[in-house]
Amino acid sequence: MPKVTRRKFVQGSAVAIGGGVVATKFLFGPLETLASAGTTAQAGPVEDVIATTCWIGKQDCGMLARRVDGRVVKFEGNPTNPRNVGTLCPKGQAQIQALYDPNRVKWPLVRTNDKGTTGEWRRASWDEALEMVADRVKEVRDRDPKLVLWQKGRSKAKDFYDDAFVKAIGSSKLGHGAFCSDAGYRALEYTLGTHAVLHPDFRYCNYLLSWGWNITNAGGNKFCWLTWPRHMVKARERGMKITHLDPRLRSAGPFADTWLPIRPSTDLAMALALCHQLIEQDYLDRPYLKAYTNGPYLVSANGMTVTETVGEGDEAEEIPLVWDEASGRVTRTDEATDPALEGEYEIEGRPVKTGFQLFKEHVAQYTPEWAADITGLSAAQIRQVAQDFGSNAQIGSTIVVDGVEVPYRPVGIMAYHMAQQELGFQTARAMTMVPMLVGAVGAAGGQLSDFTWKIHKNYPKFEKLTVEDPPYDFMLNKSKYFPINTGFPGIVAKVMQDPGRYGVEELPEVAILHYVNPLNAFPSQQDYLDSYGIFKFVAVVSPWLSETADYFADVVLPAATIEKYEGPISATDQYTDAVTLRIPPMEPLFESRGEIEIYMDLCEKIGVLFGEDGYLSVVNKELKLTDTEFALPLDQKPDVRDIFDRWAHSQGIDEGIGYFEDPAKGVFVKGPVAPTKMYGYVNDPPFQGAVHRLYGASLLDAQRQMQEKGAEEIYWQDYTALPTWRAPTMDHSPPDYDLILISFHQIEHKQSRTSFVPMLAELAPGARLDMNPEAARQRGIADGDTVIVESHNAITGETRSLVTTAAFCDGIRPDTVGMPHHFGMWTHPQNKGQGASANEIYFTGEGYMTNTADQAFHVKVKVTKGGDA
Amino acid sequence: MAKYSMVVDLDLCQGCRACTEACKIENNTGSGIFWMHVFRFEEGEYPETKMSFLPRPCQHCDNAPCVKVCPVGARFKREDGLVLTDFDRCIGCRYCELACPYGVNYFTWQSPEKSHYQDVVDWEDDDLALVTGGLVPPYKNPDLDLKYGEEQRYTAGGNHAKGVIEKCTFCVQRVEKGMNPACVETCPVNALIFGDTDSPDSPISHYLRVRQPWRLLEEAGTHPRVMYVGGKPPNPSLKEIERPKAEV
């Protein structure tokens, strides 16, 4: 077999090698799986429409594919989908170019040169490529399945990939959350029990704190960009006001009624000062704080909650004690009728305080004047935000929603990636406490998070954090470093480079990279360059040849883009429940295949497709088909369409998959979400029984365990019962690193997955450094100058640099510079000349991650004129 | 007869340029050509900075200067308000481009094969033809080649042949099917409203009854059929940011 070099490959000119093998699977000829009128020979073009689901972004909007003679000519929004109601964003529109991109991976590739440099490839058959992957997985799996690592960037059918495939082979798993909002997820799982970050109830909200929300450019909690702005503009038409806390104005565009340009990485100080002010200005919802938070729980002088043991053996339960105002004595919380929120009491002669009392005393130091110095805002501005938030909360009021009386607190916070800073976990905790104080959590118009109040499994788990002695697994689970651990590719990269340093004995040997590109998309590039070569075998499942594949893949399996069955996909807009599927608008292009097919074949070759714990069995469980008449037989490989047909029937849809293939239907709308589901106060029981953790005794307990096990201060310092401010590590960089680098998302792109789509790259063409004109002039830099951006690691002293172009921007703080994060790629010809990625000069690891093993996207830099563009 | 207009609600516009992309795909325009362009502006010094967005399609003027200067009658005004170009008749003199105060006309300097992202795609590659069916672009819209209106003229842009002028058509090929222009249909926040201002019951007429519109360069006397609500007319203190790769 002749070699296909990368250059030839990306030019698309290597196709003929091996001789005209490709013509059979294209979009000519009838689609086997679809009722298609458009493919038979008739006079004139024949049009039809396929209902499908967007693939390029995060939230999977409903689409209609207009086809002419069986060929897709345009995607439009599907009006019946509640999520996007007939509309599409620029990426949704432009993805047709991604579909027809001649630079997709066309067939399975096998590496022919050494790893760690640009790849050279030969074409392989699917059978050969899958066999190679299966052999390596089998060999390692027989010794220890956890040494196989499945890593994803974006997964569009979690049930089939993250769950069924990973469970079937028993591998370790890494996601992208540590670069996204997982520190915030952990903070809310800890604090409220919900698996989410913060968003308001836009339907009734009157005052929104848009906290680092990239309103006009990026998504938010649970949804992508499109659905949130739809809710936001409607709320503004109703009169909702937006106070925007962000170093950049570009995020809010014209939608900030007030812009407060906060210094990056100081959000914890701001949140604590707001708590201080809400208490001082007496905007407190005491009934909520008493009934639904652990504020009344009595805490002893050692910082631990005082409890009474009830029951024996396995039945034993620790019930917290409170001071009951009604009886004037200490009682178990389940026996108290009026627990005191504040105060200092005694139990058997020893002093105890309520959690809320400790919180109040703790935040007393965080005055607006104190926070002003740190955040770069004025004390008056901070007071005003607290007053606006508190007064708009209308504490004590209720409204009737769909016949149900619900507490009404029309104030909330919209925040998404706010936790991706060094103090992120405690920042997200403190930000959640702001609406907690006014009773807005779970109220109409108030603070929502997940779409339900289902208690996440981490909520009970976090009641007692376990810290073990080494050796640790390569993810450092239950380690003295991260008692709460998101699963962080950055720290795995660090561990792989120096396992002894972290008490790790066994490293992963095989990686299956599912549409993920750490080398470009995650900080820090150097750490992935230095670690992914250590994998003995790397298989990549992706439609494009990522930079990571280019350097480190042994085998590349070409996945289809939108041309496949995938799902089930939620189509809710938060207020209406709906579900849909991705339906292939045409056969997969080239020799690409849908991932479900790829994983089924792989499982078959590994020997884990059939039988009780096999892939199909897990699919049955994930789709809730087990023990139903629609369950997949465990002894035969199904057609992917048949799986979804069974699932559709299990949903009570008589037409089965045909319902979703019918463009007049396409989306299964279940109806409005009941207020009793949406608002935690009126759940039965309220908040599904969760007690919101204002005081975090188990965090303090974890800190003590970490100290006992000999962890250094940098790991345990932020495990505090109450969010506690400290200066971020980067502030210890020398004073000539006088700017903070942030990176941001542009609406035209989705992470690093679209910068090679010509139509999008035309609108947002490349890297730049947004710089305040005054700050630039002080450094002798003019608009458009080539500049060197050099970062400094305050722990190791290491410096890194990149070259880019200064772009004057009055909507950014003078001490802050910003770069879009979509560029710095090199395998696709469209990426040529797009410039660098900030991920090249960010750091990861100690000082540049959270205490929950999540990446921080802040670093101190100096910017100087010069360099070769 | 219907009289078509468009309202752009700047209180809603997110500046996302979905309209730009929907237009480019619907109308198969080449690289650097933006029949629907969205400006992003910044104004004022930090921290007193403001931002604004301005979508700019062809204004479909009732007193269109481009129509007056066309020496061959290729640019013409239809009864229903649309200002269109008969690409079959256009001689590429570019008078319309000079006459228009809004900069909405684009001269096609290159053949479609060269204007469609030629720097990254070789449309003549044999293997690529297996995917594209030999079509440029591969999402080619057959409606663009047809004749429209009572006049039965080639007004939908066709294949963007080299040497003619092209601009926004309000998606004549869609409007004649009773559909909205592609930009209007895709707008994620429904900031674009299209319809018949002669019909009192049309959504656009409802809109105009409650919102006071303004027009771009009102003083030019062009009487645009594109109207803006919210925001404010652009002024020289605005600084354009985040320009596309090609000059507009």
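Labels below follow one simple rule: chain letters A, B, ... track the order of the sequence lines, proteins then strands, and each chain is numbered from 1.
Between atom CG of residue A:Leu99 and atom OH of residue B:Tyr139 there is a gap of 11.5 Å, rounded to the nearest 0.5 Å. The line from CG of A:Asp810 to CD of B:Glu48 is 11.0 Å long, rounded to the nearest 0.5 Å.
Remark: side-chain polar atoms of A:Gln93 are not paired, donor with acceptor, to backbone N or O of B:Ile25 under 3.5 angstrom. In this structure a side-chain-to-backbone donor-acceptor pair under 3.5 Å is present from B:Lys239 to A:Phe808.
A:Ala807 does not touch chain B: none of its heavy atoms, backbone or side chain, sits under 4.5 Å away. Interface residue A:Cys809: backbone and side-chain heavy atoms are both found under 4.5 Å from chain B. For B:Ile241, the part lying near chain A is the side chain, with the backbone staying farther off; criterion is any non-hydrogen pair under 4.5 Å. In this structure, the portions of B:Glu26 lying under 4.5 Å from any heavy atom of chain A include both its backbone and its side chain. Only the side chain of A:Asn772 comes within contact range of chain B, judged by heavy atoms closer than 4.5 Å. For A:Ala94, the parts lying near chain B are the backbone and the side chain together; criterion is any non-hydrogen pair under 4.5 Å. The part of B:Cys187 that comes within reach of chain A is its backbone (N, CA, C, O), which places non-hydrogen atoms under 4.5 angstrom from that chain. A:Glu774 does not touch chain B: none of its heavy atoms, backbone or side chain, sits under 4.5 Å away. For a residue to count as touching a neighbouring chain, one of its non-hydrogen atoms must lie under 4.5 Å from one of that chain's; by this rule A:Glu76 touches chain B with the side chain only. Proximity to chain A (any heavy atom under 4.5 Å) is restricted, for B:Pro142, to the side chain, taken from C-beta onward. At a 4.5 Å heavy-atom cutoff, the contact between A:Leu760 and chain B is made by backbone and side-chain atoms alike.
Using a cut-off of 4.0 Å between Lys/Arg side-chain N and Asp/Glu carboxylate O, A:Glu748 and B:Lys245 are scored as not salt-bridged. The pair B:Asp143-A:Lys74 does not count as a salt bridge, with every side-chain nitrogen at least 4.0 angstrom from each carboxylate oxygen. We find that A:Arg66 and B:Glu185 are not joined by a salt bridge, their nearest charged nitrogen and carboxylate oxygen being 4.0 Å or further apart. With salt bridges taken as basic N to acidic carboxylate O contacts below 4.0 Å, one links B:Glu242 and A:Arg768.
Nearest heavy atom pair, residue B:Glu21 against residue A:Met759, reads OE2-O, 3.0 Å.
Of all the listed residues (A:Leu226, A:Ile215, A:Ile96), the one sharing the greatest number of non-hydrogen pairs under 4.5 Å with chain B is A:Ile96. Note on A:Val233, A:Ile747, A:Leu88: by heavy-atom pairs under 4.5 Å with chain B, the leading option is A:Leu88.
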